[in-house]
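Below you'll find the structure, written out as structure tokens, and then a few comments.
Each chain gets a letter, A, B and so on, in the order the sequences are listed, and its residues count up from 1.
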Amino acid sequence: MATLQSLDIRRRSASTEAPPQVRQGSLEVAKLIDVSKCIGCKACQAACLAWNDLVEPVGTFEGSYDNPPDLTPTSWTVMKFTEYEKGDDLEWLIRKDGCMHCDDPGCLKACPAPGAIVQYTNGIVDFVSENCIGCGYCVKGCPFNVPRISKVDRKAYKCTLCVDRVAVGQAPACAKACPTQAIYFGSKDDMIDHAEKRIIDLKSRGFAKAGLYDPPGVGGTHVMYVLHHADQPSLYAGLPDDPRISPMVGFWKGVMKPISLAAIAFAGVFGFLHYVTKGPNEVSESDQRKGDDLAGRKGT
Amino acid sequence: MSEDRKAVARYTTAARINHWITAGSLILLALSGMALFHPSLFFLTNLFGGGQATRAIHPWIGVVLAISFLGLFFRFVTLNFWNRDDTIWMKNLGKVINDKEEGMPEVGKYNAGQKLVFWGQSILILLLFGSGIVLWDVYFEDYTTVDQKRLSAVIHALCAIGAILIWIVHVYAAIWVKGTLRAMTRGSVTRGWSWKHHRKWFRQEVEKP
Ligand code: HEM
Ligand code: SF4
Ligand code: SF4
């Protein structure tokens, strides 16, 4: 969407230019989703569609409350419902799924199109759709299975963290809409402080393993969860326990590139040097004569 | 060839057309693929009408290459089986690249280096086709898991680099060894060239009624 200034760009996909660095002291923002306070009303889902002017086509019933059943090119956030049974106890775990705005974003690392994905200094990772070529590499790069390629225009879409609202000092639409205030928005430091208070409260109410989900494997995220079972994130509809950029993507987008280009350049240079030092491999007069003799013996 | 009675026929017109379709599609694939492989080469997308167009066209050129290469494969496979002389040839590669081939076993239609190019490209294009299909999200997105797609991306990029390196060797050999290119442009080579580089094949050709 690119609504912040180019001065605010920290990283830009597939770019060899250095990002601007003159502006200092930008505040890192974060959204904190308190799963324990969520009642699954989907106001945030509706607000997301409304603010971003998107329409999710009418789907079919899939046997659960999840609707649509997964993220789509138009539904950038989806409530995921999990029935967690522990002995006689049933817990209804409801997680608001969507882009985590990783500090080390695998999508951006994988993207081959210059400027199709940017990360702002405030931590928001945004897809700049006009530059997207629809290759789907971001899907492979993302450890959270978030980006979706539209069948209509073959471009990648995901939550923007309402960067257009944040740029003018507003909280994301979902945070604004949540009736239980399960979604907070502010500086990352403030969100961590607030999460700590919530965790103390949850622990006092019997959730001994309550904790903050800010996974270090991706450098932390700018969307964080307060979980009642922070020791088992995967309970929450498969939230990765220890997300990190796949080593295959790391290799593909890391060492492989310079080594490959160097190998190709080396082959070219080697050929050139071989030619200038050895000269062309030419057929000599005597080869020509012997060739004629052989053919001549047959009378051709 | 009537205008050049002294030439030795090496490739039929059909084989040459087949070769040039393969060569053209391989070059276009390398250019369009490398555009997405490294940011500093993204400018190559301009050759194909922009990033989206490059992304969309590349796999289709891949289909052309796969079909065309299959044709070359069946044309030439029987001439590319490995034999003992090829092993000797490879052991003397140092002599070959110094243009000092005296005393080496006589070479049939293809030398060991050419055979390695043949088998190398056969295997790599097979792998490129397989991994390329997995990456072709427009049609095949729903058939594989994301981890399989990640692995395919790694295989595809590695094989592409391998194929490009072999291509460089192949093209350089054709430039270095004078008189080779006309085999693919005109279909025939000189007697001297045949004597020097593929004497066993030349003898067989001469023996032909
Ligand atoms: C044989 C059939 C082939 C198919 C079906 C195929 C398909 C694909 C697809 C689907 C992609 C992802 C980008 C896109 O959607 O366009 C891709 C990328 C690529 N292809 Fe191919 N391809 C084939 C052959 C080749 C060949 C022969 C080469 C090189 C000589 C090549 C080099 C590349 C490269 C370098 C990339 C970018 C990889 C990266 O980003 O790391 N491809 N190919
Ligand atoms: S969750 Fe996925 S799409 Fe979002 S920033 Fe992280 S890697 Fe990118
Ligand atoms: S599909 Fe994803 S990786 Fe490909 S250009 Fe678009 S944003 Fe970048």
| query | Taking the six-membered ring of B/Tyr11 as reference, does the NZ or CZ atom of B/Lys109 fall below 6.0 Å from its centre and within a 45° cone about the axis? | reply |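 Yes, B/Lys109 and B/Tyr11 form such a contact.
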| query | With a 4.5 Å limit on heavy-atom distance, are the side chains of B/Trp176 and B/Asp99 in contact? | reply |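 SC-SC contact between B/Trp176 and B/Asp99 confirmed.
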| Tell me, do B/Trp193 and B/Val8 make a side-chain contact under 4.5 Å, heavy atoms counted? |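 Side-chain contact under 4.5 Å: no.
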| request: Please step through side-chain contact (heavy atoms from CB on, under 4.5 Å) for the pair B/Arg191 and A/Leu294, ending with a clear verdict. | output: CA-CA 9 Å; B/Arg191 291 167 174 177; A/Leu294 178 63; over 6 Å; no
| request: Output the option from B/Leu158, B/Val146, B/Ile164 having the highest count of non-hydrogen pairs under 4.5 Å with chain A. | output: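 Of the options given, most contacts go to B/Leu158.
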Which atoms of [X] come close to chain A, meaning under 4.5 Å heavy atom to heavy atom: side chain ones, backbone ones, both, or neither?
X: B/Arg55; result: side chain
X: B/Tyr172; result: side chain
X: B/His197; result: side chain
X: B/Leu151; result: both
X: B/Glu101; result: side chain
X: B/Ile168; result: side chain
X: B/Ile97; result: both

Short side-chain to backbone donor-acceptor contact, [X] and [Y], under 3.5 Å:
X: A/Tyr236; Y: A/Lys80; answer: no
X: A/Ser15; Y: A/Ser13; answer: yes
X: B/His198; Y: B/Val107; answer: no

| query | Can you pull out the residues in residues 132-142 of chain B with any heavy atom less than 4.5 Å from chain A? | reply |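 If one takes a 4.5 Å heavy-atom cut-off, the residues of residues 132-142 of chain B near chain A are B/Leu135, B/Asp137, B/Val138, B/Glu141.
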| request: Against chain B, label A/Phe251 side chain, backbone, both or neither, depending on which of its atoms sit under 4.5 Å from a heavy atom there. | output: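 Only the side chain of A/Phe251 comes within 4.5 Å of chain B.
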| Engaged part of A/Ser246 at the chain B interface, taking heavy atoms whose separation is under 4.5 Å |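 It is the side chain, since no backbone atom gets that close.
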| message | Nearest 0.5 Å, please: how far is OG in B/Ser122 from NZ in B/Lys115? | response |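 Reported to 0.5 Å precision, the distance equals 13.5 Å.
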| query | Cut-off 3.5 Å, side chains only: do B/Glu205 and B/Ser194 have a donor facing an acceptor? | reply |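 Absent: no donor and acceptor within the cut-off.
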